[in-house]
A.B. asks: 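Take a look at this one; I'll ask things after.
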Amino acid sequence: MGGNTLSAPDFKTCLQELPKVELHNHLEGGAMFPDLALKFAQRNGLTLPFTDQETASAYYQFDSLDQFIDILRTTVSTLNTAEDYADAVERHGIEAKRQNIRYHETFVTYGLVASRGVPWEAVVEGLAEGKRRNRDQHGVETAFIVDLDRTLPEDMALEHVKLAVSARSTVDIVGMGLDCQESGWPAGRLKSCFQLAKSEGFRLTAHAGEDGGAESIWDALNNCGVERIDHGVQAVEDEELLKLLADREILLTVCPVSNLRLCVFPSMRAHSLPKLVEAEIPVCLNSDDPPMFNSDLVNEAEVVYETFEFSQQQIVGFLRNAIEHSFQRTDHKSALLSEFDQIRDKYFD
Ligand code: ADE
Ligand code: ZN
């Protein structure tokens, strides 16, 4: 790849046109567009603390990860039936198609709805229907990663792993992860869940180093054996960890706008992304819960390009990393990589 630089409009077109993959977007928070959340609320006879886009924007203001998760739990209480789940998955597909995201791995956190008595069977039925609509109507391939709510008791979390195993043949569950509150909830507490998931052949990832420190990333790597880290932005505290992540080529699924909105960093300029890249750790860009943070994957790429000194080729490289480190079949990955490279080479000589 040569060193030419595109004009701003051409780079925007290039970012749009590249066939993309997103690896860090939550089914529940990622579907909480005000119109859809309000539709779910009405269907289920519930009310929300907002009534339209404007009041939702005022409600979607956060000062920490923990406070965000509280708001997430309230908003996601509208998600109850197979129909709700199918519509939520389909909204992800529509948003993916709009950005030319061809394949996405979507986190599903049953812990967000289980305590309200939403049956797992309804979740699975909705995921299967949404996935079918995305493939048939929107040309988008949807895979799922079942995330364990870090705050669950171990026995309940183990149940969630077993439920994920039971649904594998019905929906494309490619992996298992960990999310929700981080500080005060060590990943190693759920080591047995990761052992079981691994023995069942699931690929492994975990949210770590978002608002927890570098020790939280060590915990996920050493006790849970994860292959990727979701966020991981606090790794910069620890030189030895940076080296290990680079040597083992462990991908960090970084979500810059989310980190800013949850006050993980005081400004985008203060984000650790340039240091992670300098340490030669593979990173990709992601939107986490786009409607709650007013972002999407293409916006993440544009914000990162505008904020830091990365070259356009580096930004394109971050998008390529997502394809390379995805949990999809090798032949699908190779086909998408060669299509990606062909389009990239049209823009960069
Ligand atoms: N669930 C949804 N978004 C999350 C985030 N950013 N961190 C942890 N859990 C989440
Ligand atoms: Zn996340």
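Values below: every heavy atom of this structure, side chains too, minus hydrogens, waters and symmetry copies. Residues: numbered from 1 along the sequence shown. When a ligand or atom number is given, it counts from 1 through the structure's own listing order.
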A.B. asks: Which of the numbered atoms in ligand 1 are below 4.0 angstrom from a heavy atom of His231?
C.D. replies: 6 (N)
A.B. asks: Starting from atom 3 (N) of ligand 1, locate the nearest protein heavy atom and write down its residue, its atom name and how far away it is, to 0.1 Å.
C.D. replies: Asp289 OD2, 2.7 Å
A.B. asks: Taking atom types as modelled and ignoring hydrogens, do the side chains of Tyr347 and Glu17 form a donor-acceptor contact shorter than 3.5 angstrom?
C.D. replies: yes
A.B. asks: Give the residue and atom name of whichever protein heavy atom lies nearest to atom 7 (N) of ligand 1, and the separation in Å to one decimal.
C.D. replies: Glu210 OE1, 2.7 Å
A.B. asks: Can a donor-acceptor pair be found between the side chains of Tyr305 and Gln312 at a distance below 3.5 Å?
C.D. replies: yes
A.B. asks: Check the orientation of Phe348 and Phe11. Use parallel for under 30°, tilted for 30 to 60°, and perpendicular for over 60°.
C.D. replies: perpendicular
A.B. asks: Counting only heavy atoms not in Arg135 (residues, nucleotides, ligands), do more than 12 fall under 6.0 Å from its CZ?
C.D. replies: no
A.B. asks: Starting from atom 4 (C) of ligand 1, which protein heavy atom do you reach first, and at what distance in Å?
C.D. replies: His26 NE2, 3.6 Å
A.B. asks: Hey, is Ile69 one of the residues with a heavy atom under 4.0 angstrom from ligand 1?
C.D. replies: yes
A.B. asks: According to the interplanar angle, ranging from 0 to 90°, do the rings of Phe265 and His271 count as parallel (below 30°), tilted (30 to 60°) or perpendicular (above 60°)?
C.D. replies: tilted
A.B. asks: Look at the aromatic rings of His24 and His231 and report parallel, tilted or perpendicular, splitting at 30° and 60°.
C.D. replies: perpendicular
A.B. asks: Strictly by modelled atom types, are His26 and Asp288 linked by a side-chain donor-acceptor pair under 3.5 Å?
C.D. replies: yes
A.B. asks: Roughly, to 10 degrees, what angle do His26 atom NE2 and His207 atom NE2 form around the Zn ion (ligand 2)?
C.D. replies: 90°
A.B. asks: Does only the side chain of Leu65 get under 4.0 Å from ligand 1, or the backbone, or both, or neither? Count heavy atoms.
C.D. replies: side chain
A.B. asks: Do you know which of Glu22, Glu339, Glu141 makes side-chain hydrogen bond (donor to acceptor under 3.5 Å, both in side chains) with Arg102?
C.D. replies: Glu339
A.B. asks: Would you call Phe68 a ligand 1 contact, heavy-atom distance under 4.0 Å?
C.D. replies: yes
A.B. asks: Is there an N/O/S atom in Asp288 that lies less than 2.8 Å from the Zn ion (ligand 2)?
C.D. replies: yes
A.B. asks: In the protein, what heavy atom is nearest to atom 6 (N) of ligand 1, and what distance, to one decimal place, separates them?
C.D. replies: Asp288 OD2, 2.6 Å
A.B. asks: So between Gly29, Cys180, Cys255, Ala208, whose heavy atom ends up nearest atom 9 (N) of ligand 1?
C.D. replies: Cys180
